[in-house]
Novice: 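Here it is, the structure, as structure tokens.
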Amino acid sequence: MATVITPASLIPVSSTSNLTFTIQHEPASAAGYSLPRTGSFKNCKSMLELKQLQSQITKTGQDQDPSSITGLISSCIEMGTDVSLDYARKALEVFVEDNGPTGSLYMFNSVIRGYSSRGFGDRAILVFKEMLCVGVCPDKYTFPFLLSGCTKAGAFREGIQAHGVIAKMGVCRDVFVQNSLIHFYAECGEIEHTRKVFDEMSERNIVSWTSLIGGYAKRNSPKEAVTLFLEMVEMGIVPNPVTLVCAISACAKLQDLELGKKVCAYIGEFGLEVNTVMTNALVDMYMKCGDIDSAKRLFDECTDKNLVLCNTMMSNYVRHGMPVEGLVVLDQMLQHGPRPDRVTMLSAISACSQTEDLLHGRSCHGYILRNALEHWDNICNALIDMYMKCDKPQAACALFNRMPNKTSVSWNSLISGFFKCGDVESAWQLFQEMPDADLVSWNTMIGALVQDSMFMEAIELFRKMQNQGVEPDRVTLMELASACGYLGAVELAKWIYLYIQKKDDIQCDLRLGTALIDMFARCGDPHSAMQVFSHMAQRDVSAWTAAIGAMAMEGNGKQAIELFNEMLHQGIKPDAVVFVNLLTALSHGGLVEEGWEFFGSMDDSFGIKPKVVHYGCMVDLLGRAGLLAEALNLIKHMPMEPNVVIWSSLLAACRMHKNVDVAKYAAEKIAQLDPERPGIHVLLSNIYASAGQWNDVAKVRLQMKEQGVQKGPGSSSVQIDGEVYEFTSGAETRPEMDRIEPMLVEMNCRVREAGYSPNLTNVLLDVDEPEKEYLLSRHSEKLAIAFSLINTGQGMPVRVVKNLRICSDCHTFAKSVSKVYNREIIIRDNNRFHFFRHGSCSCKDYW
DNA sequence: GTAGGGTTAG
């Protein structure tokens with residue numbers, strides 16, 4: 001009976017495909033096939049011995065005996081070298097040519113197993129095709145080998161076709177075959193097929209469970225992997241060391257130390273052996289979860305550190321920004337072994353990149369050349385990155401040009417390197433030249449724009465990326481969140497958050513969560529910021545810092561204190577940065593007493609010596625509260641030299657409290673420290689102007705002109721229907737001015753009726769009163785508010801982002817507008833948020 | 001005969 005199976009008819013693949021497996025003949029097993037003997041080849045240790053024995057056998061005519069050839073092939077597979085495997089394949093071919101397919105099934109299975117286990121999946125598939133061609137029907141032992149080969153070769157189509165053959169042959173109830181299918185589908189990322197095979201199994205063994213858990217862990221579903229593991233244990237199924245390794249690596253991916261420890265407890269509970277692979281998984285998990293001490297302890301205690309373990313330690317050190325520690329491991333390896341391989345060198349080069357250590361980088365390059373590793377793409381890419389970070393673009397380009405197979409990593413390393421060297425033009429040129437820009441390329445470009453404060457351009461590029469069908473990942477979204485925060489683009493902020501919630505494969509981890517909090521805080525949406533914060537699975541000091549920062553933006557000092565205390569309560573150690581945000585919040589909230597208290601506690605309770613920034617916060621706090629003498633006294637008693645920022649804070653406070661004497665003193669200090677600082681001249685001229693000292697104003701203006709210092713124009717922007725509109729003071733060139741003009745007149749009338757009168761001291765030019773009034777009415781935030789009122793529906797808040805600090809007249813104006821037009825107005829200036837509702841502001845006129 | 005650890009660029 002002839003069996004003809006064409007899986008192409010079962011599974012929708014192209015009928016012209018030459019990959020189709022076709023079985024044409026009777027199964028060999030049905031034609032008197034018996035279990036072979038390995039024969040005397042079994043003792044052969046080398047190809048030479050093997051060939052000598054083979055020629056003896058040929059003389060006696062035994063070379064036609066299936067059991068002899070089977071033995072020869074088995075020996076070759078055992079040796080497992082490229083040469084021996086190809087030799088086995090040749091022997092098999094000759095045997096079939098001479099004797100026909102009968103008796104060759106075991107040989108085929110052996111050769112497929114040999115290729116597959118050595119990572120030659122593509123050759124395993126070829127041999128399987130040859131097997132079908134000559135009419136040998138595979139058996140249930142063939143498929144696990146074949147599928148493993150398909151997995152290693154990433155041969156998705158061939159694997160699916162094999163599944164078709166398996167179904168037709170009725171071997172799909174074999175647990176080994178099913179387990180192999182699970183593994184194959186999991187590795188191909190086909191998690192639904194994986195689950196289907198698992199669910200349909202009538203009996204499962206521990207390998208079935210392990211394959212599924214491992215599949216989930218690898219396929220970005222570490223959460224499901226751990227859940228499944230815990231369910232399995234709950235059901236009374238006993239895991240083995242392999243299962244544990246899969247579950248532990250899932251915890252590493254999740255960076256969830258608590259969960260990791262919970263899973264680890266089962267090692268002891270089930271009395272499982274901790275071998276090197278398990279040790280490695282544990283070290284990796286501790287490292288990825290940030291418990292460096294535990295990882296280091298395990299590593300140090302391990303008496304037979306193998307190559308993989310050393311590599312794990314090194315790569316994690318480098319990943320954690322501890323390149324020096326990584327290079328110490330490398331040193332130990334060079335002295336006592338194991339001998340570094342290409343994976344070791346990848347981490348080593350990366351460590352040199354981080355430290356910009358050209359000397360060590362070059363010696364790594366030397367090691368690579370001596371050990372003939374330079375043909376490996378990844379090594380070359382790492383070297384390109386290293387040379388770029390060490391500011392040697394020529395060396396990097398030379399390497400790049402020499403590479404026969406440039407990967408996207410090569411291009412991306414070069415592009416980001418050019419940005420780091422400040423050669424923006426070359427970076428853009430490469431981006432346009434590269435054949436397939438991938439997600440990382442786009443992220444690099446978007447990130448560079450954000451770095452350069454070109455936020456609108458960054459968002460534009462993001463839209464372009466989307467139009468080209470490239471899906472954003474967490475890195476894209478972090479960059480986007482940053483741009484969005486700086487622009488105060490509320491609608492985009494909401495879109496980003498919704499997008500992340502919708503996408504299962506984007507993990508809102510610590511860093512992304514923190515970026516979102518910061519984004520919402522900057523967009524004047526502290527409520528959403530706190531919502532993100534409360535939904536975070538874990539919070540580190542950065543997350544708490546961002547949340548406290550959101551309170552600082554809002555000027556909510558009390559809530560900031562509550563958050564800080566809650567953080568301490570949860571056992572999180574404060575760092576220097578969190579104190580900056582806390583003190584800023586207290587400053588914006590006008591909480592002087594609390595400010596002194598927390599400032600004092602830094603060193604007393606937490607051993608953190610206040611830095612210049614902290615003194616800056618305190619000067620700001622005291623200055624805002626009008627305690628100028630106290631602020632000046634603090635500056636005089638600082639343990640370090642006060643910098644420009646400190647004096648600027650004091651100067652700003654002087655302006656607010658109209659203290660010209662102290663202002664002059666501060667301005668002198670600034671002039672000494674940084675004579676070309678543009679903002680300082682503006683601020684000083686503002687002080688003179690508000691005190692009516694026009695001669696001095698003119699003097700400063702002249703000085704600015706002579707020094708070529710220009711005051712940056714004040715600008716305000718609003719976002720309407722996803723479009724950002726930017727207004728500059730008095731700029732009448734915008735096409736929208738036709739509609740804004742009458743609105744401004746109307747607004748002016750209505751707010752004057754409600755009691756507003758313009759505060760002309762805010763105009764910094766010596767012009768007559770009507771002119772002053774006119775200039776004042778054209779401040780950019782007024783234009784932005786008018787435009788927003790026209791273009792948004794009643795009940796919608798008006799949101800304005802301003803590049804400079806809001807002036808006191810615009811502040812009064814906005815309060816009045818919020819009442820007269822019954823609209824919430826939210827203005828973010830360069831310092832903080834102002835929420836105007838019903839005629840008053842959240843800052844309580846204190847800013 | 002099936003399942004497990006380390007890998008460069010943003």
Novice: What heavy-atom pair brings A:F229 and A:I213 nearest, and what distance separates the two atoms?
Specialist: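 Heavy atoms only, the tightest pair is CA-CD1, 3.7 Å.
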Novice: Give the nucleotide from the list B:dG5, B:dT7, B:dG1 with an atom nearest to the side chain of A:N378.
Specialist: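 Selected nucleotide: B:dT7.
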Novice: Between A:T444 and A:S416, do the side chains contain an N or O donor and an N or O acceptor separated by less than 3.5 Å?
Specialist: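 Absent: no donor and acceptor within the cut-off.
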Novice: Over how many whole Å does the gap from A:F184 atom CZ to B:dA3 atom C1' extend?
Specialist: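 Checked: the CZ to C1' distance equals 16 Å.
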Novice: Which is true for A:L307 with a 4.0 Å heavy-atom rule: it touches a base, it touches only sugar-phosphate, or it touches nothing?
Specialist: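 Touches a base.
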Novice: Quick one: CG on A:L282 to CD1 on A:I248, what's the gap to the nearest 0.5 Å?
Specialist: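 A:L282 CG to A:I248 CD1: 4.5 Å, rounded to 0.5 Å.
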Novice: Which part of the nucleic acid, if any, lies within contact of A:D377, taking any heavy atom under 4.0 Å across all strands shown: a base, the sugar-phosphate backbone alone, or nothing?
Specialist: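 Contact class for A:D377: none.
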Novice: Within less than 4.0 Å of OP1 or OP2 of B:dG5, is there a side-chain N or O belonging to A:T312?
Specialist: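 False: A:T312 side-chain N/O out of range (4.0 Å or more) of B:dG5 OP1/OP2.
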Novice: Considering only B:dG4, B:dG1, B:dA9, which nucleotide approaches the side chain of A:V245 most closely?
Specialist: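 Closest nucleotide among those given: B:dG4.
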Novice: Which nucleotide, B:dT8, B:dT2, B:dG4, lies nearest any side-chain atom of A:V277?
Specialist: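 Given the options B:dT8, B:dT2, B:dG4, the side chain of A:V277 is closest to B:dG4.
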Novice: For the residue pair A:W442 and A:F462, is the inter-centroid distance of their aromatic rings smaller than 6.0 Å?
Specialist: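 No, ring centres 6.0 Å or more apart.
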Novice: To the nearest 0.5 Å, what is the distance between CE on A:M285 and OG on A:S294?
Specialist: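 One gets 8.5 Å once the value is rounded to the nearest 0.5 Å.
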Novice: Would you indicate which nucleotide in B:dA3, B:dG4, B:dT8 comes nearest to any side-chain atom of A:T210?
Specialist: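 When the side chain of A:T210 is considered, B:dA3 is the closest of B:dA3, B:dG4, B:dT8.
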Novice: A:L309 CG to B:dT7 P: how many Å, rounded?
Specialist: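 One finds 13 Å between P of B:dT7 and CG of A:L309, rounded.
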Novice: Going by the rule side chain to side chain donor-acceptor pair (under 3.5 Å), which residues pair with A:N381 if we only count those two or more places apart in sequence or in a different chain?
Specialist: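 Testing A:N381 for side chain to side chain donor-acceptor pair (under 3.5 Å), a comparison that skips the adjacent residues, returns A:T407, A:S410.
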Novice: Between A:L228 (CG) and B:dA3 (C1'), how many Å, whole number?
Specialist: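 Those two atoms, CG and C1', are 13 Å apart.
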Novice: Using a heavy-atom cut-off of 4.0 Å across all strands, would you classify A:S249 as base, sugar-phosphate, or nothing?
Specialist: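 If one applies the 4.0 Å heavy-atom cut-off, A:S249 turns out to touch nothing in the nucleic acid.
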Novice: Look at A:K218 and B:dA3 and indicate whether a side-chain polar atom (N or O) is within less than 4.0 Å of OP1 or OP2.
Specialist: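 The answer is no; no side-chain N or O of A:K218 sits under 4.0 Å from OP1 or OP2.
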Novice: Roughly how many Å is it from CG in A:N275 to P in B:dG4, rounded to a whole number?
Specialist: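 Taking atom P of B:dG4 as the reference, CG of A:N275 is at 14 Å.
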Novice: Across the strands shown, which category fits A:N316 at heavy-atom distances under 4.0 angstrom: base, sugar-phosphate, nothing?
Specialist: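 Nothing, no nucleic acid heavy atom in range.
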Novice: Of the nucleotides B:dG4, B:dG5, B:dT8, which one has an atom closest to the side chain of A:N381?
Specialist: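 Shortest atom-to-atom distance from the side chain points to B:dT8.
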Novice: Return the nearest nucleotide to the side chain of A:T276; candidates are B:dG5, B:dT8, B:dG4.
Specialist: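 Nearest nucleotide to the side chain: B:dG5.
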Novice: Take the protein atom CG of A:D139 and the nucleotide atom C1' of B:dT2, then report the distance between them rounded to whole Å.
Specialist: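 These atoms are roughly 14 Å apart.
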Novice: Nearest to the A:S211 side chain among B:dA9, B:dT2, B:dA3, which nucleotide is it?
Specialist: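 My answer, after comparing the listed nucleotides, is B:dA3.
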Novice: Looking at B:dT7, I'd like to know if its phosphate oxygens (OP1 or OP2) sit under 4.0 Å from a side-chain N or O belonging to A:R319.
Specialist: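 Indeed, a polar side-chain atom of A:R319 lies that close.
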Novice: Whole angstroms only, please: what is the CE-C1' distance between A:M314 and B:dG5?
Specialist: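 Checked: the CE to C1' distance equals 17 Å.
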Novice: Near DNA chain B, under 4.0 Å by heavy atom, which residues of residues 389-401 of chain A?
Specialist: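 Heavy-atom contacts with DNA chain B come from A:K389.
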Novice: Return the nearest nucleotide to the side chain of A:C246; candidates are B:dA9, B:dG4, B:dT7.
Specialist: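 Looking only at heavy atoms from C-beta outward on A:C246, the closest nucleotide is B:dG4.
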Novice: Assess the side chains of A:N280 and A:N306: does a donor N or O sit below 3.5 Å from an acceptor N or O?
Specialist: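 Note: A:N280 and A:N306 side chains miss the donor-acceptor criterion.
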Novice: Given B:dA9, B:dG1, B:dG5, identify the nucleotide with an atom nearest to the side chain of A:K140.
Specialist: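 Nearest to the side chain of A:K140 among the choices is B:dG1.
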Novice: If you measure from the ring centre of A:Y141 to the centre of the six-membered ring in the base of B:dG1, is it under 5.5 Å, with the planes under 30° apart?
Specialist: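 A:Y141 ring does not meet the centre or angle cut-off for B:dG1; no stack.
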Novice: Is a donor-acceptor pair below 3.5 Å formed from side chain A:N240 to base B:dG4, judging by atom type as modelled?
Specialist: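 Per atom types, no contact qualifies.
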Novice: Taking atom P of B:dG4 as reference, at what distance in whole Å does atom CG of A:N179 sit?
Specialist: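 My rounded result for the distance is 11 Å.
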Novice: Classify the nucleic acid contact of A:L439 as base, sugar-phosphate or nothing, counting any heavy atom under 4.0 Å across all strands shown.
Specialist: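 Result for A:L439 = base.
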Novice: To the nearest Å, how far apart are A:M388 CE and B:dT8 C1'?
Specialist: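 Distance check: A:M388 CE to B:dT8 C1' gives 15 Å.
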Novice: Find the distance between SG (A:C421) and NZ (A:K389) and round it off to the nearest 0.5 Å.
Specialist: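 Spacing of SG (A:C421) from NZ (A:K389) equals 10.5 Å.
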Novice: Who are the side chain to side chain donor-acceptor pair (under 3.5 Å) partners of A:D452, not counting sequence neighbours?
Specialist: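 Listed in chain order: nothing, the list is empty.
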